[in-house]
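Chain naming here is simple, since letters A, B, ... match the order of the sequence lines and numbering starts at 1 in each. Any value given below was found using the heavy atoms of this structure, including those in side chains, with hydrogens, waters and symmetry copies removed. None of the values given here were measured: they were computed from a predicted structure.
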Protein chains: 2
Amino acid sequence: MTITPYIPDIDAGDLPLEERAYLRLRQALMEGVFSPGAKLSIRRVAEALGTSPMPARTALRRLATEQAVDALPSGTVLVPRLTRAAFQEVSAIRAELEPLAIRLAATRLDARTLDALATVVAEHDAARAAGKPEVFLQKDREFLFGLYRQAGAPMLFSMIEALWLRRGPLFWDARWILMGRPPAAAHRHDQMLAALRRGAGDVAAQELKVEIERMTAFLLEALPFEGQAAAAPRQARARR
Amino acid sequence: MTITPYIPDIDAGDLPLEERAYLRLRQALMEGVFSPGAKLSIRRVAEALGTSPMPARTALRRLATEQAVDALPSGTVLVPRLTRAAFQEVSAIRAELEPLAIRLAATRLDARTLDALATVVAEHDAARAAGKPEVFLQKDREFLFGLYRQAGAPMLFSMIEALWLRRGPLFWDARWILMGRPPAAAHRHDQMLAALRRGAGDVAAQELKVEIERMTAFLLEALPFEGQAAAAPRQARARR
DNA sequence: AGAACTCAAGTGTGATCACAAACACCGACC
DNA sequence: GGTCGGTGTTTGTGATCACACTTGAGTTCT
C-alpha cells in the first residue's frame with residue numbers, strides 16, 4: 001500500500017528547496033500528519049513536495065539526526081512510534097529543560113508580552129469549552145513557546161522544539177484524551193502567569209515542572225503503548 | 001589562503017560515506033581540530049575526506065541542524081565562535097541535563113562498570129600530573145560519557161553530545177588553563193564515584209551540577225571571550 | 001499445501017553536471 | 001590614498017544518472 005501523504009505547505013520566502021522541505025516535513029510531523037510507523041520514502045516524499053529527490057533526501061537525513069524520525073539500517077525512514085520508555089525519557093528531559101527556559105525568560109518578560117500570553121490562555125480555555133482539540137493543542141503550544149522564546153536562548157529553544165517534534169505523532173492520538181481531563185488538573189498556565197507577573201520565576205518554573213510530570217503520569221496510564229518499536233539508530237549495514 | 005584541515009579518520013565499519021563523513025567531522029569538531037571562525041567549504045571538506053562533494057554537503061547540513069556549526073544565510077558553514085552568552089547557555093543546559101543522566105544511570109550501575117570508571121579517573125589524574133592536556137581532557141570525557149551511557153536514555157545522550165560538540169572548539173583553547181586549576185577545585189569525580197557506590201544518585205548528580213557551575217564561572221573569568229583567543233590560532237596541517 | 005527460490009520493481013547512495021548567487025581581487029577613478 | 005566598480009573565480013544548490021542492495025510477490029519444487 002503506497003500512501004502519498006498530503007504535506008501542508010508553508011509560507012516560504014526565498015528559502016532553498018531543501019530548507020523548505022525540512023520545515024514542511026517538520027511541521028507535518030509535529031501536527032501529526034503522518035501516522036506512527038509510516039514509511040517515508042525519499043522518492044515519494046519528493047513527489048509529494050514537488051521537487052527532485054535531492055532536497056527530500058537531505059531533509060529526511062536532517063530529521064533523522066535530531067531523532068525526529070527513525071532510520072532503519074537500510075536507510076529507510078519511519079515515523080517514530082514512541083515506546084513507553086521513550087515517552088518517559090522525553091518527558092524527563094522536558095521536565096528539566098522547560099523549567100530552565102521559564103527561569104531564563106522570567107527576568108526578561110515585559111507587561112506587554114504577559115498580556116499577550118494571557119490572551120492565549122483565554123483562547124486555550126475557550127477551545128476546550130468549544131471541544132476543539134486542534135485549537136486546544138495549538139494554543140497550548142503557542143503559550144509555552146511564546147514563553148520559551150523570551151528566554152533568549154536559541155539553542156535551548158531548538159532543543160525543546162526537537163522534544164515536541166518527537167512527541168508529535170503521539171500527542172495527535174492523545175488529543176481527545178488530553179482535552180477531556182478535568183480542568184483543575186489540566187493546566188497551571190494561569191498560576192504560571194500570576195507567578196511571572198510578580199517576578200517569581202522559580203515558582204512558575206516549578207509549576208511547569210509539576211504540570212509536565214503530572215501529564216506524563218496521566219498519559220502513561222491512559223495511553224495504550226505498544227510493546228516494541230523505536231528502531232535502533234543506524235549501525236553498520238551488511239554489505240557484501 | 002586555502003587551508004585544507006586534516007580530518008582524523010575513524011574506525012568506520014561498513015557505514016555509508018555520508019554517515020562516515022558526519023562522524024568524522026563531528027569527532028574533529030569535538031576534538032578542536034578546526035579553529036573557531038574557520039570556513040568549512042563543501043568542496044574543500046569533500047577533498048579532505050576523499051569523497052565527492054555530496055556526502056560532505058549532507059554531513060555539514062546535519063551538523064548545522066544540531067547547531068554544531070553555524071550556517072550563514074548564503075549557506076556557507078563556519079566553525080562556531082562561542083560568545084560569552086552562548087557559553088553560559090550551553091553551561092546552563094548542561095547543568096540540567098547531565099545531572100539528570102547521572103540520576104538515571106545511578107539505578108543501573110553495576111560494580112564492574114564502577115571499577116572501570118575508577119580506572120579512568122586514575123588515568124585522568126595521571127595525565128594531569130604528567131602535564132598532558134589532550135589525555136587529560138579525553139579522560140574527563142571518557143569518565144562522564146561512560147556514566148551517561150549507562151543512563152539507558154539514547155535521546156538524552158545525544159543531546160548531551162551535541163552540547164559538548166558545540167563547546168569543543170572553545171575547550172581546546174582552554175585546555176592548558178583547565179589543567180592548571182588547583183586539583184582540589186578541579187573535579188569531584190572521586191566524590192561522585194563514592195556517592196554512586198553507595199547508591200546516592202542524587203548526591204552524585206548534585207556534585208556534578210556544582211562542578212559544571214564552578215567550571216563555568218572559572219572559565220568566564222579566565223577566558224577572553226570577545227577579543228581573539230589567547231593562544232595563537234592552531235594551524236591545521238596543510239594537506240596536498 | 002507449504003516452503004524455498006527467483007526475479008523484477010523499488011530503494012538509498014553517491015558522482016557528475018549546470019546554474020546563479022556570493023565572493024575576492026585588482027584596476028580605474030575621484 | 002582611499003573608494004568604487006567590474007570581472008573572473010569560487011561557492012552552494014538542485015537535477016539527473018548509474019549502481020548495489022532490499023523487498024516482496026509470484027513461481028516452482030518437494
Query - Presence of salt bridge, Glu161(B) and Arg26(B), under 4.0 angstrom - result: yes
Report task. State, to 0.1 Å, how close Gln150(A) and Leu109(A) come at their nearest heavy-atom pair, and which atoms those are. Result -> CG-CD2, 3.6 Å
Report task. Mind calculating the distance between CG (Leu78(B)) and P (dG12(D)) to the nearest angstrom? Result -> 10 Å
**Report entry** Beyond-backbone contact of Thr216(B) with Leu220(B), side-chain heavy atoms, under 4.5 angstrom
**Finding:** yes
Report task. Round to the nearest Å and state the distance from Lys39(A) atom NZ to dG10(C) atom P. Result -> 11 Å
Query raised in the report: Atom CG of Leu40(A) to atom C1' of dG10(C): distance rounded to whole Å?
Result: 16 Å
Requested in this report: Let me have a per-nucleotide readout for nucleotides 13-19 of chain D, 5' to 3', with B, S or -, counting only protein heavy atoms under 4.0 Å.
Outcome: BBBB---
Query - Check: Glu66(B) and Ser158(A) side chains under 4.5 Å, non-hydrogen atoms - result: no
**Report entry** Residues Arg166(B), Asp70(B): salt bridge by 4.0 Å N-O rule
**Finding:** yes
Report summary line: Separation of dT13(C) atom P from Leu72(A) atom CG, nearest Å, is 11 Å
Requested in this report: Give a yes/no on whether any side-chain N or O of Thr76(B) is located under 4.0 angstrom from OP1 or OP2 of dT11(D).
Outcome: no
**Report entry** Note, Val135(A) side chain near Glu123(A) side chain (heavy atom, < 4.5 Å)
**Finding:** no
